Amino acid sequence: MGKTLVEKVFASHLKNEPFTGTKVLSLDVVMCHEITTPIAIADLQWRNKDRVFDASRIKAVIDHVNPPKDTQSAIQSKIMREWAKSHGIRDFFDIGRNGVCHALFPENGFIRPGNTVIMGDSHTCTHGAFGAFAAGVGTTDLEVGILKGVCAFREPKTIRVNLTGKRGSKVFAKDVALEITRRITMGGATDHVIEYRGEAIESMTMEERMTISNMAIECGATSGICMPDETTLDYLWPFIAAEYGNDRAKALSAFRAWWSDDDAEYAKVIDIDLSGLEPLATTGYKPDQVFPLRELGEHRIDQVYIGSCTNGRISDLREAAAVAKGHRLHEGVRGIVAPATTAIWRQAMKEGLLDVLSEAGFMVTNATCGACLGMSNGVLAPGEVCAATTNRNFNGRMGKGGMVHLMSPASAVASGIMGRLTDPRTIQ
Amino acid sequence: MKTFGGKVLFLNRSDINTDEIIPARYLTEVTKDALGPHMLEDLKLDGFDAQAPAVKSAGVIVTRENFGCGSSREHAPWALEVNGITTVIAQSYARIFRQNMFNCGMLAIELPGADIDELFARCAGAPVDCRVDLDRGTVHFERDGATLLSKSFSLGGFDAALVAAGGWVEYADSRF
Ligand code: SF4
């Protein structure tokens, strides 16, 4: 019997199996942000164990509330800053070079095929786009990861999603992610990883693969996973060329070794033909309540939010600007764009995207999570509705009493122009 | 080891997420105690009042499927713990929340759907106490000293070890 990618990663990183089915893995990368890490740091200090297992394997960022909005968030940042300094954590990203963790860390080439990665953040599954096992964990798991470089998991089974067919116009990776969520349902992939396969994922860019892997957690999955191929190699090449002596073929065959074997066993196989897919959005407070946008025209909106670890990358801003060009936001609709990282922000500025969006009436903010989790930069008032490119539409997610419809950047801008949920294919 | 059991809070809904257990706007708090007043503040459930005495005095939550889905925030179990709730009984959990519970030395008990249905049908609606017998792996639901219902559960070896050790930091520290 062959092995899946995740089974190979588990076998190669297994440190201990204290109980049948409980696998303690050694960790390649432990990522930290200022919301879930400070309490771990405080606990380590309280236990007199303020150490790190390997400073070079720890990556840290201030991203969620950036710049700080009040004294408490300023303290969280300060704790991160001082901790990174005292332990010699070189890969620490403070204001001026920071950005949303799941966009920033890949951008810096930190995640490699076959890696084990944890972070105190549920959307850590994003990094599975590189063929890694990347799982969100709580503060206690993070704390032990920081101290010992290990984490315990029940080995997840794998759900294989075969994506075939060519997407139509204005149908994006986000629409694919929403369709997968609708099909698997919220909680339908608990204790599983979702492996994305098929020609449609093979022809996608790394940014698109990250958008799709990012939403694996909305089905309860431990990680999303893509097979590492030439696209992955191209993305990582500036960071790894030296490691492989500039030999691409060598790197590719090392990547290829992680691929799931042909005779690997899957818990479930789901086939999705993307050729019939339309632009989609959620309604209500669950991410699997997904419908075609053309059926949702009666839902009015107060705000558009473009950003987050799902859709705040440069390709997303290009799609948003392409729809916005020559239009203005509908009267009474507020638009906010938060490029996911500082580098993306600069690139968007150079390409003139920020200008196009600003001209259409959007406010462009710095790189931060901000409104995505209702902490700053665009929190909704009770009863307000937002068309958002984020990943979670829970009640109150973007502010107490507010509602979020999830969709692609093109769809969000189209909705902003019309003042109600709008299929982007209807905007000229 | 923590103590388990107490008055039961019935939450008759599936997919209760961690934003509902503790909203993100309180994640800048740097002590667990500060989370206490905000537990379940955004829960969408007909007739539910997060400030009601029955919520504040509970020691056990009984609920349905996929409890604790969404964010990885361990603030969710902490918010329960500072309110005296160290046991949750559900049909299923989101993975991260479930692990966070055991990592804190708390109990996330899984019961089959039929048992949960029966619990709601026979025990919800009037005050009921839950007694947890960890050694035997049983939970007993009692009202006015009389047992209404008893159910058995099993914990995985690792989960039981975390509960006995008081959490994952304690357990990992002595071994790895
Ligand atoms: S952008 Fe939103 S979902 Fe992504 S890490 Fe930040 S808060 Fe979480």
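Here is the naming used below: chain letters follow the sequence lines, and residue numbers restart at 1 for every chain. Every value quoted in this text rests on a predicted model; they were computed, and no experiment measured them.
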Practice task
Would you check if the side chain of Arg392(A) reaches a backbone N or O of Gly70(B) as a donor-acceptor pair within less than 3.5 Å?
Solution key: yes
Exercise for the section: Could you look at Phe102(B) and say if it's the side chain, the backbone, both or neither that has a heavy atom under 4.5 Å from chain A? Expected result: neither
Handout entry: Heavy atoms of other groups near Lys400(A) NZ, more than 12 under 6.0 Å
Key = yes
Completion exercise
Closest non-hydrogen contact found for Phe19(A) with Tyr171(B) is CE1-OH, 3.6 Å
Exercise for the section: With a 4.5 Å cut-off on heavy-atom pairs, point out which of Asp141(A), Asp191(A), Asp121(A), Thr190(A) contacts chain B the most. Expected result: Asp141(A)
Handout entry: chain A contact via Tyr93(B) - which portion, at a heavy-atom distance below 4.5 Å
Key = backbone
Handout entry: Euclidean distance, Cys151(A) SG relative to Trp168(B) CH2, rounded to 0.5 Å
Key = 7.0 Å
Problem - Which atoms of Thr22(A) approach chain B - backbone, side chain, both or neither, heavy atom under 4.5 Å - result: side chain
Exercise for the section: Would you check if Leu147(A) and Asp173(B) make a side-chain contact, meaning some heavy-atom pair closer than 4.5 Å? Expected result: yes
Problem - Side-chain heavy-atom pair Thr28(B), Met375(A) within 4.5 angstrom cut-off - result: yes
Exercise for the section: Heavy atoms only: give me the nearest Ser71(B)-Ser122(A) pair and the separation to one decimal. Expected result: CA-OG, 3.7 Å
Problem - Lys7(B), NZ: over 12 other non-hydrogen atoms inside 6.0 angstrom - result: no
Exercise for the section: Using a 4.5 Å cut-off on heavy atoms from C-beta on, say whether the side chain of Arg95(B) contacts that of Arg154(A). Expected result: no
Practice task
Let me know if Asn391(A) has heavy atoms under 4.5 Å from chain B in its side chain, its backbone, both or neither.
Solution key: neither
Exercise for the section: For a side-chain contact (heavy atoms from CB on, under 4.5 Å) with Asn103(B), tell me which candidate from Thr139(A), Val137(A), Thr140(A) qualifies. Expected result: Thr140(A)
Handout entry: Residue pair Phe394(A) / Asp42(B), side-chain heavy-atom distance below 4.5 Å
Key = no
Practice task
Might you work through the side chain to side chain contact (heavy atoms under 4.5 Å, CB included) test for Ile39(A) and His75(B), ending with a clear yes or no?
Solution key: CA-CA 10 Å; Ile39(A) 293 187; His75(B) 305 70; 4.1 Å; yes
Problem - Exceeds 12 heavy-atom contacts within 6.0 angstrom, atom NZ of Lys78(A) - result: no
Practice task
Measure the shortest side-chain to side-chain distance between Cys69(B) and Met186(A) over non-hydrogen atoms and say whether it is less than 4.5 angstrom.
Solution key: yes
Exercise for the section: Drop me the distance from Ser376(A)'s OG to Arg25(B)'s CZ, to the nearest 0.5 angstrom. Expected result: 14.0 Å
Problem - Point-to-point distance, once rounded to the nearest 0.5 Å, from CG of Asn395(A) to CD1 of Ile16(B) - result: 12.0 Å
Handout entry: Over 12 non-hydrogen atoms of neighbours within 6.0 angstrom of CG in Asp144(B)
Key = no
Exercise for the section: Check each atom of Ala221(A) against the heavy atoms of chain B and say whether the ones under 4.5 Å are side chain, backbone, both or neither. Expected result: neither
Handout entry: Engaged part of Arg175(B) at the chain A interface, taking heavy atoms whose separation is under 4.5 Å
Key = neither
Handout entry: Side-chain touch Glu74(B)/Thr36(A), heavy atoms, less than 4.5 angstrom
Key = no
Completion exercise
Checked Glu218(A), Glu34(A), Arg47(A) vs chain B; the most non-hydrogen pairs under 4.5 Å come from Arg47(A)
Exercise for the section: Give, as side chain, backbone, both or neither, the part of Glu65(B) having an atom under 4.5 angstrom from any heavy atom of chain A. Expected result: neither
Handout entry: Close side-chain approach of Ile96(B) and Ile217(A), heavy atoms under 4.5 Å
Key = yes
Practice task
State whether the number of non-hydrogen atoms from other residues, nucleotides or ligands found under 6.0 Å of Lys15(A) atom NZ is greater than 12.
Solution key: no
Exercise for the section: Of all the heavy-atom pairs spanning Lys148(A) and Phe176(B), show the shortest one and how long it is. Expected result: NZ-O, 2.8 Å
Fill in the blank from the handout: Heaviest contributor of heavy-atom pairs below 4.5 Å to chain A, chosen from Glu20(B), Lys32(B), Glu29(B), Gln99(B), is Glu29(B)
Exercise for the section: Evaluate the side-chain proximity of Leu27(B) to Gln76(A): yes if any heavy-atom separation is below 4.5 Å, no if none is. Expected result: no
